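Bear in mind the structure is a predicted one, so any value in this text is a computation, not a measurement.
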Amino acid sequence: MPHTVVDSPIGPLTLVGADGALTGVYMDRQRYRPEPETFGDRDDVPFTEAARQLEEYFAGTRTRFDLPLAPVGTPFQRQVWEALQAIPYGQTVSYGQLADRLGRPAAARAVGFANGHNPISIIVPCHRVVGSNGDLTGYGGGLERKRRLLDFERSVSGGRP
C-alpha cells in the first residue's frame, strides 16, 4: 500500500492507496488517522491524478472529483460515505437530513459516527455535514479546517453562508 504527501492550503495531506484506488486522504493531526507505519512506502507516482485534482480543487477550478475510491469500512459507513459525495459543492446538510436521505431517519448519531470515520477527507466531503441548527459540529480535521473548507467552497460557488 503506497502513500504520498501533498501540500494544501489546510496543511499536508497524506494520500494512501491500494490496487489503483484511493483508500485514504488524511490531514495532519486528524482524529482517527491511522499510524503512519500502516501507510507503506512513499511513492508519488500512483497519486499523480489525485494530487492534480486536489490542486484543482484548492485552486477553485474543480467542484467534483473523478477518482477510483476504495474506502475501508462497514457497509453502513460506506453507504454514508457514498451519500456524502452527493452533497453539492458549496452546500451543507445536517446529520439528520443525511440520515433521512439514507432512509434511516433515526440514525443521525450513526451517520455522525460514520461521517467522523470517513478515511477520504475532502474528496468524500464530510466537511459539508453540519448540526441541525447549521452550527459547525465535529470534524476529524478540526473545526477551523471545516470552517475554512466551507467558506472556500461558498466563495467559489457564490453560495451564502
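Closest non-hydrogen pair, A70 versus A21, comes out as CB-CB, 3.7 Å. Between P119 and P71, the shortest heavy-atom distance links the atoms CG-CB, 3.7 Å. Residues A83 and L102 share a closest heavy-atom pair of CB-CD2, 3.8 Å. Looking at every heavy atom in both residues, S157 comes nearest to G90 through OG-CA, 3.8 Å.
Listed for the Q79 side chain is no donor-acceptor partner under 3.5 Å among the backbone atoms of F76. Although no hydrogens or angles enter the test, the distance criterion places a donor-acceptor pair under 3.5 Å between the side chain of T23 and the main chain of V16. Of the possible polar contacts, none joining the R104 side chain to the A106 backbone as a donor-acceptor pair under 3.5 Å is found. Q53 places a side-chain N or O within 3.5 Å of a backbone atom of D66 that can act as its donor or acceptor partner. Looking at R42, its side chain never comes within 3.5 Å of a backbone N or O of T4 through a donor-acceptor pair. R33 places a side-chain N or O within 3.5 Å of a backbone atom of M27 that can act as its donor or acceptor partner.
Just one residue in the list I87, T92, V80, N118 forms a side chain to side chain contact (heavy atoms under 4.5 Å, CB included) with V129, and that residue is I87. The side-chain hydrogen bond (donor to acceptor under 3.5 Å, both in side chains) with H127 is formed by just one residue from the set E153, R145, K146; it is E153. Checking each of I123, D44, L54 against L15 for a side chain to side chain contact (heavy atoms under 4.5 Å, CB included) leaves exactly one that passes, namely L54.
Under the 4.5 Å side-chain heavy-atom criterion for Ile, Leu, Val, Met, Phe, Trp and Tyr, W81 and F113 are members of distinct hydrophobic clusters. Linking ILVMFWY residues whenever their side-chain heavy atoms come closer than 4.5 Å, directly or via other members, places V6 and F58 in the same cluster.
No more than 12 heavy-atom neighbours from other residues, nucleotides or ligands sit within 6.0 angstrom of CD on E55. Other residues, nucleotides and ligands place more than 12 heavy atoms under 6.0 Å from the CZ atom of R52.
For the pair P2 and F47, the minimum side-chain heavy-atom distance is below 4.5 Å. Taking the side chain as every heavy atom from C-beta outward, N115 and C126 approach each other to under 4.5 Å. Within the 4.5 Å cutoff, no side-chain heavy atoms of L22 are placed close to those of F65. Inter-residue side-chain proximity for P88 and R128 is flagged as unmet; no heavy-atom pair is nearer than 4.5 Å. Q77 places none of its side-chain heavy atoms less than 4.5 Å from the side chain of V72. V124 is not listed as a side-chain neighbour of V25, based on a closest heavy-atom distance of 4.5 Å or more.
Under the rule for a side chain to side chain contact (heavy atoms under 4.5 Å, CB included), D7 has no partner lying at least two apart in sequence or in another chain.
In this structure, the ring of Y26 has its center less than 6.0 angstrom from the ring center of F39. Remark: aromatic rings of Y89 and F152 are distant, center separation not under 6.0 Å.
Distance check: I10 CD1 to I122 CD1 gives 3.5 Å after rounding to the nearest 0.5 Å. Here the NE2-OG1 distance, from H3 to T14, works out to 6.0 Å after rounding to the nearest 0.5 Å. Remark: R154 CZ to L149 CG distance equals 11.0 Å, nearest 0.5 Å.
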